[in-house]
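Since the structure comes first, as structure tokens, the remarks are kept for the end.
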Amino acid sequence: MGISVAIDGPAAAGKSTIAKKVAEIKGYTYIDTGAMYRAYTWHCLDRGLDCTNEEQCVAEIPHVNIELKPGGVVLCNGKDITREIRMPIINKNVTPVCQMKPVRLFLVDQQRKMAEKDNVIMDGRDIGTYVLPNAEVKIFQVASPECRAQRRYKENIEKGIPCTYEEILEDVNRRDKADSERAFAPLKPAEDSIHLDTSDMTIEEVVNKVIEIIDSKVK
Ligand code: CDP
């Protein structure tokens with residue numbers, strides 16, 4: 001079993017930006033669990049399924065092979081869908097899909113296997129509470145909704161993903177509410193997590209803080 005660092009928090013809190021950089025500096029493997037739920041949702045849409053229909057979506061489990069490759073590349077059944085999974089249509093449809101318990105169990109099983117092999121930094125909603133309850137380091141990363149929407153808006157514009165600030169703010173608030181209220185493995189801070197509000201921090205400051213926390217916990 002390797003060392004595990006869990007970073008949870010609401011939508012667009014900058015978890016993946018931080019986790020990626022910390023992973024690079026510490027030589028850990030970064031695992032973006034949100035990308036896995038997004039990829040599963042992409043697959044269901046690609047098959048023409050109704051993402052609110054649990055029976056249909058769950059029946060796809062044996063036909064979905066998601067791979068996270070270095071550089072943030074995401075493959076679904078061998079197809080590169082790195083860009084597609086960031087589109088607004090995925091944001092909309094991922095919410096019901098990630099509430100389906102069999103889908104979560106299927107993906108969590110893979111996430112736990114990845115953490116067995118390597119030192120990992122894994123980000124998501126339920127990592128410290130459910131996926132890796134024994135993680136050596138647990139961080140709950142937050143920022144104000146306006147701040148998160150502003151950051152995601154800028155990121156999307158840079159990536160050429162069409163959107164408005166208002167749409168993003170609404171989407172972020174809607175997903176947070178659904179993630180916090182779902183019955184199975186909801187978004188909530190683990191009791192032993194460290195709360196990190198990044199609203200007024202630069203990326204570099206957050207990265208340094210997270211590394212400081214890791215170094216204080218992992219000798
Ligand atoms: O990047 P962003 O914060 O917008 O979202 P993400 O981390 O890519 O996750 C996409 C969606 O997957 C979230 O809105 C959650 O509903 C869901 N998710 C989840 O349920 N559990 C996780 N461990 C990670 C993501």
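The residues of the chain are indexed from 1 along the displayed sequence.
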Q: Indicate yes or no: at least one non-hydrogen side-chain atom of P10 is less than 4.5 angstrom from one of V142.
A: yes
Q. Between I213 and I211, is there a shared hydrophobic cluster once you connect ILVMFWY residues whose side-chain heavy atoms come closer than 4.5 Å?
A. yes
Q) Just how far is it from atom CD1 of I194 to atom OG of S216, taken to the nearest 0.5 Å? A) 6.0 Å
Q) Looking only at atom types and distance, does a side-chain atom of K15 sit under 3.5 Å from a main-chain N or O of G9, one as donor and one as acceptor? A) yes
Q.
For the CG atom on D109, are there more than 12 heavy atoms of other groups (residues, nucleotides or ligands in this structure) within a distance under 6.0 Å?
A. yes
Q) Does I66 offer a backbone N or O that forms a donor-acceptor pair with the side chain of Y40 under 3.5 Å? A) no
Q | Under 3.5 Å donor-acceptor, D8 side chain and F140 backbone | A | no
Q: Decide side-chain contact (heavy atoms from CB on, under 4.5 Å) for I203 and K21; before the verdict, give the C-alpha distance in whole Å, the side-chain angles of both, and the deciding distance to 0.1 Å.
A: CA-CA 9 Å; I203 292 174; K21 288 188 189 284; 3.7 Å; yes
Q) Among the clusters formed by ILVMFWY side chains lying less than 4.5 Å apart, do V120 and V218 turn up in the same one? A) no
Q: Output the distance between atom CG (D32) and atom CZ (R38), rounded to the nearest 0.5 Å.
A: 8.0 Å
**Q.** Summary of salt bridge (charged side-chain N to carboxylate O under 4.0 Å, His left out) pairs that have at least one residue in residues 124-143, sequence neighbours excluded
**A.** R104-D126, R125-D179, K138-D192
(Q) So, applying side-chain contact (heavy atoms from CB on, under 4.5 Å) with E204, which one of V206, N208, V207 is it? (A) N208
(Q) Let me check something: do V5 and V108 share a hydrophobic cluster, defined by ILVMFWY side-chain heavy atoms less than 4.5 Å apart, either directly or through other members? (A) no
Q: Check T52 against M100 and note the closest heavy-atom contact, atom names and distance.
A: C-CE, 4.3 Å
Q. M201 versus I18: any side-chain heavy-atom pair under 4.5 Å?
A. no
Q) Taking all non-hydrogen atoms of both residues, which atom of V64 and which atom of F106 are closest, and how far apart? A) O-CZ, 3.4 Å
Q: Say whether, by atom type as modelled, one donor and one acceptor occur between the side chain of S144 and the main chain of C147 under 3.5 angstrom.
A: yes
Q: Taking the side chain as every heavy atom from C-beta outward, state whether N156 and Y165 have any pair of such atoms under 4.5 Å apart.
A: no
Q: Run the numbers on E116 and K113 for salt bridge (Lys or Arg N to Asp or Glu O under 4.0 Å), then give the verdict.
A: CA-CA 5 Å; E116 264 169 31; K113 285 195 177 117; over 6 Å; no
Q.
Are the side chains of T33 and V131 in contact, using a 4.5 Å heavy-atom criterion?
A. no
Q.
Tell me if a side-chain donor or acceptor on T41 pairs with a main-chain N or O of I90 at a distance below 3.5 Å.
A. no
Q | Sub-4.5 Å side-chain heavy-atom contact between C98 and R182 | A | yes
Q: Kindly give the heavy-atom pair with the smallest separation between I161 and R86, and that separation in Å.
A: CD1-CB, 3.7 Å
Q.
Could you report the tightest heavy-atom contact between V74 and A39, atom names first, then the distance?
A. CG1-CB, 4.0 Å
Q.
If you define the side chain from C-beta out and look only at heavy atoms, does anything of I127 sit under 4.5 Å from I31?
A. no
Q. What is the minimum heavy-atom distance between A13 and Q141, and which atoms define it?
A. O-NE2, 2.9 Å
Q: Of all the heavy-atom pairs spanning C51 and C44, show the shortest one and how long it is.
A: SG-CB, 4.0 Å
Q | Min side-chain heavy-atom separation H43-L49 under 4.5 Å | A | no
Q) Within a reach of under 6.0 Å around CD1 of I157, are more than 12 heavy atoms found that belong to other residues, nucleotides or ligands? A) yes
Q) Would you find more than 12 non-hydrogen atoms of other residues, nucleotides or ligands less than 6.0 Å from E170 atom CD? A) no
Q) For the hydrophobic clusters of this structure (ILVMFWY residues joined by side-chain heavy atoms under 4.5 Å, transitively), does one cluster hold both I139 and I214? A) yes
Q) So, does N77 use its side chain to make a donor-acceptor pair with the main chain of H63 at under 3.5 Å? A) yes
Q. How far does OG of S199 sit from CZ of R151, to the nearest 0.5 angstrom?
A. 6.5 Å
Q: Answer yes or no: is there a donor N or O on one side and an acceptor on the other, between the side chain of N119 and the main chain of I3, under 3.5 Å?
A: yes
**Q.** Spacing of S16 atom OG and E155 atom CD [to the nearest 0.5 Å]
**A.** 6.5 Å
Q. With no hydrogens and no angle check, is any side-chain donor or acceptor of N93 less than 3.5 Å from a backbone partner on I89?
A. yes
Q. Looking at CG of D46 and CD of E60, how far apart are the two atoms once the value is rounded to the nearest 0.5 Å?
A. 10.0 Å
Q. If you group Ile, Leu, Val, Met, Phe, Trp and Tyr by side-chain heavy-atom gaps below 4.5 Å, do L132 and V210 land in one group?
A. no
Q: State whether the side chain of D123 and the backbone N or O of I7 hold a donor-acceptor pair below 3.5 Å, judged by distance alone.
A: no
Q: Would you indicate whether the side-chain heavy atoms of P102 and E54 approach each other to under 4.5 Å?
A: yes
Q: Verify, without hydrogens or angle tests, whether R175 (side chain) and A178 (backbone) share a donor-acceptor contact under 3.5 angstrom.
A: no
Q: Measure the spacing between SG of C163 and CD1 of I168 and express it to the nearest 0.5 Å.
A: 3.5 Å
**Q.** Whether over 12 other heavy atoms sit under 6.0 Å from E24 CD
**A.** no
